[in-house]
K.L.:
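Supplied in structure tokens, the structure appears directly below.
A quick note: this is a predicted structure, and the numbers were derived from the prediction, not measured. Atom set for the values below is all heavy atoms of this structure, side chains included, hydrogens, waters and symmetry mates excluded.
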Amino acid sequence: MSRKTMIVIGAGLGGLSTGCYAQMNGYDSRIFEMHEIPGGCCTAWDRGDFWFDCCISWLLGSGPGNEMHQIWLELGALQGKEIRHFDVFNIVRGRDGREVHFYSDPDRLEAHLLEISPADAKLIRDFCGGLRKFRKALAVYPFLKPVGIMGTLERIRMLAGFLPYFNVVRKSISTLMTDYSARFEEPLLREAFNYVLYEKHANFPVLPIYFQLASHANLSAGVPEGGSLGLAKSIEERYRRLGGEVTYNAKVQRILVEDDTAVGVLLDDGTEHYADIVVSAADGPTTMTKFLDDKYLTDEYRKLYTETIHEPGMVFPGYVCLFLALDRPVPDGDPCTTHLLTEEEARDLVGIKHPSINVQFRSTHYPELSPEGTTIVYMTYFADIAPWREVDEGPEQVTRVRAGEKLHTLPVRHGKQYYAAKRKARLALMDILEKRHPGITASVVARDVSTPLTQVRYTGNYNGTVLGWQPFVDSGETLEELVKKYGPGLPGLRNFYQSGVWATTGGLIRAATAGRQVVQFICKDDNKEFDAHVDDHGPPPTHRVIAVRPQHERTPRNLVSLAGGGAS
């Protein structure tokens, strides 16, 4: 029988992407989302005149010259938008106040690093030489088609494209950044190289650092006008133009199965909805253990979801985020800086994994998200969820009726200890910010704190993670092998597929790619030719590069208290 209808669980980027490609290929799809808005973790929320954007600090594929960019254009994500790029990817500020500016341009980076440490010249030139090669390698990275369904000739062509870059890929994927950075003689570089990607990723080799910096240098890792929620809404609009349907405030309780075949979903309101195909782009553990009751886990999948997932470092941690809205500009506020902390500074940051925080003056990324002449500060750190659960006294998610409508992501009552922990973390973060920018906290007019439990409430994600499986470790590598072996479904269960970050590893582009690739598998199973086309609804995106000036070139600081100031 030919399959024509599809249900997609979740309107995050993976679910929206799946829906778009389903519609492009003649499937009649419907997305069920428990939240009131699209995007999942790719989101923002308002506090008065300010929008607090908690996701995109860089978007891989935001510029041409790679297959990632085509996917965003097929999804209508970037059309008509300005993409902003900074000439510095990140600044790492040591405890002694010295800074490393990680320019993505390898020539500027090399000159800057040599100025900091001439004694490390050989290693610096080695790193920057690899980065130069990686800028060219990005053009041959495959995203448009999964390797598992490539023909022999396609695989040969793909591998041939990588031949000129074989050595740099081999060396960079086989060397942990923690080991590579330990070779530097200069202590600042020895530590700073672990924080190029804002936080310390202890299991990352050098390769993903090259990948991000090279994309940034190629003007393909900028930030899109409108921010994270704007990106999600653009893809949702593309999906609707293609004829898709999204139902919000619809929480899936179970995937309906008959004769080892997925046939639909049961919602928490008791209604059943049927389709020929069911794709879950929801949280992976929820899909496997709740929606499907553990029934279709092979030994390999059972070990992944019941043992491996609980081992340290197998899943990306969650974040603690502090947003501060200021009633004025901050002349010396860099777009993005990772501050290395002392033990004393990190002491009150509940759940912190590494002694560092990332501070972004978000209005330089997204000036349209706050009134002119104001600033949004965004401070984050990787956090374990366990200490937050220890002080939590309430449920992590609730369903309530408001104005006659059942809602699933409303605030919950956590208890005094939880709010005391949030207050402790907020005050510690504000104190660190005040030391770096004296007088700044007197300008705060709005604020908000989110924790890993906030992510659980909004998305249901396991332990508050925003990215799912970690790559380059047992969990991510096992998942990749299982997808190669079985595709994005489960052995023994027909007409079911998984999409989104739990069907792959990585960030937003991986989630979007998963949607494209799962529909390719579906088309293959249905003996259909896969089709995809760029959205022509708007003009191509434009690009703007923003210079990050060194401190000595800027307006002198004048941040001491303003009349009527005071933290709210």
K.L.:
Classify the side-chain pair D294/Y301 by whether it contains a donor and acceptor separated by less than 3.5 Å.
P.N.:
no
K.L.:
As a quick check of understanding, evaluate salt bridge (Lys or Arg N to Asp or Glu O under 4.0 Å) for R84 and E82, giving each step before the final call.
P.N.:
CA-CA 6 Å; R84 291 108 185 207; E82 178 183 79; 2.8 Å; yes
K.L.:
Does L267 reach the side chain of K251, with side-chain heavy atoms less than 4.5 Å apart?
P.N.:
no
K.L.:
Can you list the steps and then say if N25 with Q23 is a side-chain hydrogen bond (donor to acceptor under 3.5 Å, both in side chains)?
P.N.:
CA-CA 5 Å; N25 285 277; Q23 295 297 129; over 6 Å; no
K.L.:
Given 3.5 Å as the limit, does a donor-acceptor pair link the side chain of E199 with the main chain of Y381, or not?
P.N.:
no
K.L.:
Can you tell if the side chain of Y419 reaches within under 4.5 Å of the side chain of H414, non-hydrogen atoms only?
P.N.:
yes
K.L.:
Set out, in order, the CA-CA distance, both residues' side-chain angles and the distance that settles side-chain hydrogen bond (donor to acceptor under 3.5 Å, both in side chains) for S499 and T18, then state yes or no.
P.N.:
CA-CA 7 Å; S499 186; T18 302; 2.8 Å; yes
K.L.:
Would you please say whether a donor-acceptor pair under 3.5 Å links the side chains of R389 and N463?
P.N.:
yes
K.L.:
Could you check whether D28 pairs with K4 (Lys NZ or Arg NE/NH1/NH2 to Asp/Glu carboxylate O, under 4.0 Å)?
P.N.:
no
K.L.:
I want to check something: taking the side chain as every heavy atom from C-beta on, are V466 and Q455 in contact at a cut-off of under 4.5 Å?
P.N.:
yes
K.L.:
Would you call K233 and E237 a salt bridge, using N to O less than 4.0 angstrom?
P.N.:
no
K.L.:
Evaluate the side chain to side chain contact (heavy atoms under 4.5 Å, CB included) criterion for residues C54 and F323: first the C-alpha distance (whole Å), next the side-chain angles of each, then the deciding distance (0.1 Å), finally the verdict.
P.N.:
CA-CA 9 Å; C54 74; F323 287 96; 3.8 Å; yes
K.L.:
Is there a donor in the side chain of Y274 and an acceptor in the side chain of E272, or the other way round, less than 3.5 Å apart?
P.N.:
yes
K.L.:
So, do D293 and M288 sit near enough that their side-chain heavy atoms are less than 4.5 Å apart?
P.N.:
no
K.L.:
Between L410 and L407, is there a side-chain heavy-atom distance shorter than 4.5 Å?
P.N.:
yes
K.L.:
Taking the basic N atoms (NZ, or NE/NH1/NH2) and the acidic carboxylate oxygens, is any pair closer than 4.0 Å for D260 and R494?
P.N.:
no
K.L.:
What class does the angle between the rings of Y458 and H35 fall in, given that below 30° is parallel, 30 to 60° is tilted and above 60° is perpendicular?
P.N.:
tilted
K.L.:
Taking the side chain from T5 and the backbone from A275, do they hold a donor-acceptor pair closer than 3.5 Å?
P.N.:
no
K.L.:
Could you state the interatomic distance from OG (S62) to CG (L219), rounded to the nearest 0.5 Å?
P.N.:
8.0 Å
K.L.:
Check whether any side-chain heavy atom of V8 sits under 4.5 Å from a side-chain heavy atom of R30, and report yes or no.
P.N.:
no
K.L.:
Any luck finding a side-chain donor-acceptor pair between D259 and T261 under 3.5 Å?
P.N.:
no
K.L.:
I'd like to know if the side chain of T505 and the backbone of P471 have a donor-acceptor N/O pair within less than 3.5 Å.
P.N.:
no
K.L.:
Would you say the side chain of T542 lies within less than 4.5 Å of the side chain of I83, judging by non-hydrogen atoms?
P.N.:
no
K.L.:
Side chains of I37 and T43, heavy atoms from C-beta outward: is any pair under 4.5 Å?
P.N.:
yes
K.L.:
Kindly write out the residues that satisfy side-chain contact (heavy atoms from CB on, under 4.5 Å) with P208, not counting sequence neighbours, or none if the list is empty.
P.N.:
F204, P205, F472
K.L.:
Hey, what's the ring geometry for F143 with F211, parallel, tilted or perpendicular (30° and 60° as the breaks)?
P.N.:
tilted
K.L.:
Going through the distances and angles, do S17 and Y239 end up as a side-chain hydrogen bond (donor to acceptor under 3.5 Å, both in side chains)?
P.N.:
CA-CA 8 Å; S17 173; Y239 175 60; over 6 Å; no
K.L.:
On the six-membered ring of F530, is K145 placed so that its NZ or CZ lies under 6.0 angstrom from the centre and within 45° of the ring axis?
P.N.:
no
K.L.:
Determine whether the aromatic ring centres of residues Y296 and F496 are separated by less than 6.0 angstrom.
P.N.:
no
K.L.:
What distance separates N495 CG from E258 CD, expressed to the nearest 0.5 Å?
P.N.:
11.5 Å
K.L.:
Between CG of L13 and CD1 of I235, what distance do you get to the nearest 0.5 Å?
P.N.:
4.0 Å
K.L.:
Applying the side chain to side chain contact (heavy atoms under 4.5 Å, CB included) criterion to W502, which one of T286, T287, T465 satisfies it?
P.N.:
T465
K.L.:
Give the C-alpha distance, both sets of side-chain angles, the deciding distance and a yes or no for salt bridge (Lys or Arg N to Asp or Glu O under 4.0 Å) between D535 and R241.
P.N.:
CA-CA 10 Å; D535 182 19; R241 287 194 299 273; 2.7 Å; yes
K.L.:
Does a donor on one side chain sit under 3.5 Å from an acceptor on the other, for K528 and S2?
P.N.:
no
K.L.:
Should we say atom CD of E393 is surrounded by more than 12 heavy atoms from elsewhere, each under 6.0 Å from it?
P.N.:
yes
K.L.:
Could you tell me if N66 and S220 have a donor-acceptor pair between their side chains, going purely by distance under 3.5 Å?
P.N.:
yes
K.L.:
Once the angle between the rings of W58 and Y198 is folded into 0 to 90°, is it parallel (under 30°), tilted (30 to 60°) or perpendicular (over 60°)?
P.N.:
perpendicular
K.L.:
Do R457 side-chain atoms and T409 backbone N/O form a donor-acceptor pair below 3.5 Å?
P.N.:
yes
K.L.:
Using the side chain to side chain contact (heavy atoms under 4.5 Å, CB included) rule, take V320 and S450 through it: C-alpha gap first, then chi angles, then the decisive distance, then the call.
P.N.:
CA-CA 6 Å; V320 170; S450 71; over 6 Å; no
K.L.:
Which class fits the ring pair F134 and Y141: parallel under 30°, tilted 30 to 60°, perpendicular over 60°?
P.N.:
tilted
K.L.:
Answer with yes or no after comparing the ring centroid distance for W388 and Y319 against a 6.0 Å cut-off, counting only values under it.
P.N.:
no
K.L.:
To the nearest 0.5 Å, what is the distance between OG1 on T308 and CD on Q470?
P.N.:
13.5 Å
K.L.:
Tell me yes or no: between the side chains of N249 and E36, is some donor less than 3.5 Å from an acceptor?
P.N.:
no
K.L.:
Kindly indicate, with the supporting measurements, whether the criterion side-chain hydrogen bond (donor to acceptor under 3.5 Å, both in side chains) is fulfilled by D448 and W45.
P.N.:
CA-CA 10 Å; D448 203 1; W45 58 90; 2.9 Å; yes
K.L.:
For the CG atom of D474 and the CD1 atom of I309, what is their distance to the nearest 0.5 Å?
P.N.:
13.5 Å
K.L.:
Is there a side chain to side chain contact (heavy atoms under 4.5 Å, CB included) between L153 and R157 once you walk through the steps?
P.N.:
CA-CA 6 Å; L153 187 58; R157 286 173 179 167; 3.5 Å; yes
K.L.:
Does E33 reach the main-chain N or O of G10 with its side chain, forming a donor-acceptor pair under 3.5 Å?
P.N.:
no
K.L.:
Judged by modelled atom types alone, do Y486 and E300 share a side-chain donor-acceptor pair under 3.5 Å?
P.N.:
yes
K.L.:
With no hydrogens and no angle check, do the side chains of Y366 and E225 hold a donor and an acceptor under 3.5 Å apart?
P.N.:
no
K.L.:
Decide, yes or no, whether a salt bridge links D53 with R362 under the criterion of side-chain N to carboxylate O below 4.0 Å.
P.N.:
yes
K.L.:
Show your reasoning for whether side chain to side chain contact (heavy atoms under 4.5 Å, CB included) applies to I56 and L231.
P.N.:
CA-CA 9 Å; I56 301 175; L231 185 88; 3.8 Å; yes
K.L.:
Does the Y27 side chain pair with the main chain of I277, one donor and one acceptor, at a distance under 3.5 Å?
P.N.:
no
K.L.:
Taking the six-membered ring for Trp and the full ring for Phe, Tyr or His, determine whether the centres of F32 and H273 are under 6.0 Å apart.
P.N.:
yes
K.L.:
Would you say E74's side chain and V534's backbone share a donor-acceptor pair under 3.5 angstrom?
P.N.:
no
K.L.:
Could you tell me the separation between the CG atom of L493 and the CD1 atom of I255, rounded to the nearest 0.5 Å?
P.N.:
7.5 Å
